[in-house]
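Encoded as structure tokens, the structure appears first; notes follow it.
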Amino acid sequence: MKKGRILSGMRPTGPLHLGHYVGALRNWSGLQDDYECFYMVADWHALMSEYADTTNIARWSRDMAADWIACGLDPARSTIFVQSQVPEHSELHLVFSCITPLGWLERCPTYKEQKKEVKGKDLETYAFLGYPTLQAADILLYLGNVVPVGEDQLPHVELTREIARRFNQIFSSSVFPEPQGKLTTVPRLLGLDRRKMSKSYGNFIALADDAETVKKKTLTMITDPKRIRLADPGHPEECNVCSYYDVFAPEMSAEVQDKCRNSKWGCTDCKRTLAEALNRFLDPIRARRAELAGDPAKIDAVLEKGREQASAVAKETMRKVREAIRF
């Protein structure tokens, strides 16, 4: 028996990278047997930041679905779909926008963070301010009662709970559950330059990068800032390269730390070896992705099946919503 229902998603705003795998995809894959999972390509959310140039959103959406499947999401165990293909997302968003106080949105920490982080785009828009309301609609449309998040995302879950509670109170209904956050532990994984890994910064290794690109990018990584000369002892606990071994080649971590701490090799040798380890990790993902790319109809079929499954649940929820608001 399943423990609950989950809705989670990502915005198709560019290629997925190692941070997406560590921060979400690995966890999503592990939830499939225990929960009823809905995984959504959040293209409406992408539009909120990419509205000035929507050229690539459709392609990125299909590429994202391929990456998800290549990383272990199973269409037989999870519903994989594109948000805009289920119009009830927009409809419930409109209903929620009528009852969500502006103060709730303005205090959202991620809203403030995104405005600060994203450069060169005008995010002073009605839609971007209200994106947490759409996010709540995404979750509650499927009556999701579990939301897998990192600790920093708990305010989003609480806002969704507040919106569900407010709807139920205003319309004297019990349509929506108040979802609980399921905390996930995300290993420390910074970008190549030691900043937060972000598409905006371009400091990432993409899941679709070929072996030579992975090697070139890895060799640019910033290492232990305290180690100046080859003979100097290293500080693996402070080295970003060493942290990647912990995640992608843990069987090598102890040896790497010993070589670093006792000056048995240089940082370039460490990065070359890491590139080899990353490519071993990425090889099966790239192979599965190439197989999917060779059969585009397979991705289309997965997304169509997902649309049908998601739509069936969404339509029933909106029937209850319309009944509650007397429409």
Heavy-atom side-chain proximity of F204 to H20 below 4.5 angstrom
no
Say whether L18 and W60 are linked into one hydrophobic cluster, either directly or through other cluster members, by side-chain heavy-atom distances under 4.5 angstrom.
no
S29 (side chain) donor-acceptor with R26 (main chain) under 3.5 angstrom:
no
Can you get from F248 to W28 by hopping between Ile, Leu, Val, Met, Phe, Trp and Tyr side chains that sit under 4.5 Å apart?
yes
Taking everything shown except K216 itself, do over 12 heavy atoms lie less than 6.0 Å from its NZ?
no
Side-chain heavy-atom pair L134, H45 within 4.5 angstrom cut-off:
yes
Atom SG in C71, atom CG in L282: separation rounded to 0.5 Å?
8.5 Å
Kindly determine whether M252 and T273 satisfy side-chain contact (heavy atoms from CB on, under 4.5 Å), including the steps that lead there.
CA-CA 10 Å; M252 301 175 66; T273 304; 3.4 Å; yes
Salt-bridge contact K264-D258 (side-chain N to carboxylate O under 4.0 Å):
yes
Distance-only side-chain donor-acceptor flag, Q309 / T79, under 3.5 Å:
yes
With heavy-atom distances below 4.5 Å as the criterion, would you say the side chains of I80 and F38 are in contact?
no
Decide yes or no for P15 and L207: does some side-chain heavy atom of the first lie under 4.5 Å from some side-chain heavy atom of the second?
no
For the atom pair NZ (K215) and CZ (R272), what is the distance rounded to the nearest 0.5 Å?
6.5 Å
Is it true that a side-chain atom of T100 and a backbone atom of F96 form a donor plus acceptor pair closer than 3.5 Å?
yes
R62 side-chain N/O to P296 backbone N/O, donor-acceptor pair under 3.5 Å
yes
Measuring only between side-chain heavy atoms, which start at C-beta, is P225 closer than 4.5 Å to R194?
yes
Between T317 and V313 (side chain of the first, backbone of the second, donor and acceptor by atom type, cut-off under 3.5 Å), is there such a pair?
yes
Applying side chain to side chain donor-acceptor pair (under 3.5 Å), can you list everything that pairs with E304, at least two apart in sequence or on another chain?
R307
Plane angle bin for F281 and Y21 - parallel if under 30°, tilted between 30 and 60°, otherwise perpendicular:
perpendicular
K305 with E308: basic N within carboxylate O range, under 4.0 Å
no
Could you tell me whether a side-chain N or O of Q32 sits under 3.5 Å from a main-chain N or O of G72, the two making a donor and an acceptor?
yes
Could D193 and R195 be called an ion pair, given the rule that one side-chain N must be under 4.0 Å from one carboxylate O?
yes
Test side-chain contact (heavy atoms from CB on, under 4.5 Å) on E50 and T54; report intermediate values, then the result.
CA-CA 6 Å; E50 308 300 315; T54 61; 5.6 Å; no
Tell me if a side-chain donor or acceptor on N240 pairs with a main-chain N or O of T223 at a distance below 3.5 Å.
no
Could you go through S174 and N168, starting from their C-alpha distance and side-chain angles, then the distance that decides it, and tell me whether this counts as side chain to side chain donor-acceptor pair (under 3.5 Å)?
CA-CA 5 Å; S174 57; N168 290 340; over 6 Å; no
Any side-chain donor near an acceptor of the partner, Q135 and H156, under 3.5 Å
yes
So does R261 pair up with E237, basic N to acidic O under 4.0 Å?
yes
Side-chain heavy atoms under 4.5 angstrom apart, residues restricted to Ile, Leu, Val, Met, Phe, Trp, Tyr: same cluster for V241 and V247?
yes
Side chain proximity check, Y126 to S97, heavy atoms < 4.5 angstrom:
yes
Using only heavy-atom distances, determine whether the side chains of T13 and K199 contain a donor-acceptor pair under 3.5 Å.
yes
Is atom NZ of K298 surrounded by more than 12 heavy atoms (other residues, nucleotides or ligands) closer than 6.0 Å?
no
Do M64 and M197 belong to the same hydrophobic cluster, where Ile, Leu, Val, Met, Phe, Trp and Tyr are linked whenever their side-chain heavy atoms lie under 4.5 Å apart, directly or via other members?
yes
Output side-chain donor-acceptor pairs under 3.5 Å for residues 285-295, partner residues at least two apart or in another chain, one line each.
residue	atom	partner	partner atom	Å
R286	NH1	D209	O	2.7
R286	NH1	N279	OD1	3.2
R286	NH2	N279	O	3.4
R286	NH2	N279	OD1	2.9
R286	NH2	D283	OD1	2.8
R288	NE	A70	O	2.6
R288	NH2	A70	O	2.5
R289	NE	D67	OD1	2.4

Interatomic distance, L274 atom CG to C267 atom SG [nearest 0.5 angstrom]
12.0 Å
Side-chain donor or acceptor of N56 paired with backbone N/O of G14 under 3.5 Å
no
Determine, stepwise, if the pair C270 / K259 fulfils side-chain contact (heavy atoms from CB on, under 4.5 Å).
CA-CA 9 Å; C270 184; K259 287 183 175 181; over 6 Å; no
Report the C-alpha distance between L129 and L102 in whole Å, list the side-chain angles of each, state the deciding distance to 0.1 Å, and finish with yes or no for side-chain contact (heavy atoms from CB on, under 4.5 Å).
CA-CA 9 Å; L129 175 65; L102 281 175; 3.9 Å; yes
For R227 and S263, the nearest pair of non-hydrogen atoms, with its separation, is NH2-CA, 3.4 Å
What about I99 and L92, same hydrophobic cluster or not, with Ile/Leu/Val/Met/Phe/Trp/Tyr joined at side-chain heavy-atom distances under 4.5 Å?
yes
Do other residues, nucleotides or ligands put more than 12 heavy atoms under 6.0 Å from R59 CZ?
yes
Once you measure the plane-to-plane angle for W265 and Y245, does it fall in the parallel (<30°), tilted (30-60°) or perpendicular (>60°) bin?
tilted
Could you list all the side-chain hydrogen bond (donor to acceptor under 3.5 Å, both in side chains) pairs where at least one residue sits in residues 81-90, not counting sequence neighbours?
D43-S84, W44-S90, Q83-D138, E88-K315, H89-D138, H89-Y142
For F167, ring-ring contact (aromatic ring centres under 6.0 Å, His included) partners two or more places apart
F171, F176
Between R161 and E158, is a salt bridge (Lys or Arg N to Asp or Glu O under 4.0 Å) present by the stated rule, with each step listed?
CA-CA 5 Å; R161 289 166 54 83; E158 184 54 36; 3.4 Å; yes
Set of residues satisfying side-chain contact (heavy atoms from CB on, under 4.5 Å) with respect to S253, sequence neighbours excluded:
D246, Q257
Which distance, rounded to the nearest 0.5 Å, do you find between the NZ of K271 and the CG of L278?
13.0 Å
Show, in sequence, the C-alpha distance, side-chain angles and deciding distance for R77 and D33, and conclude whether the salt bridge (Lys or Arg N to Asp or Glu O under 4.0 Å) test is met.
CA-CA 7 Å; R77 292 184 291 159; D33 289 329; 2.6 Å; yes
Check whether Y244 reaches the backbone of L190 with its side chain - one donor and one acceptor, N or O, closer than 3.5 Å.
yes
Please report the interatomic distance CG(L31) to OG(S78), rounded to the nearest 0.5 Å.
8.5 Å
Value rounded to 0.5 Å, distance of CG in L141 from CE in M318:
7.5 Å
Within a strict 4.5 Å, meaning less than it, do heavy atoms of the R5 and V146 side chains meet?
no
Those residues at least two apart in sequence (or on a different chain) that pass side-chain contact (heavy atoms from CB on, under 4.5 Å) with E276 are R280
For the side chain of N203 and the backbone of K196, is there at least one donor-acceptor N/O pair under 3.5 Å apart?
yes
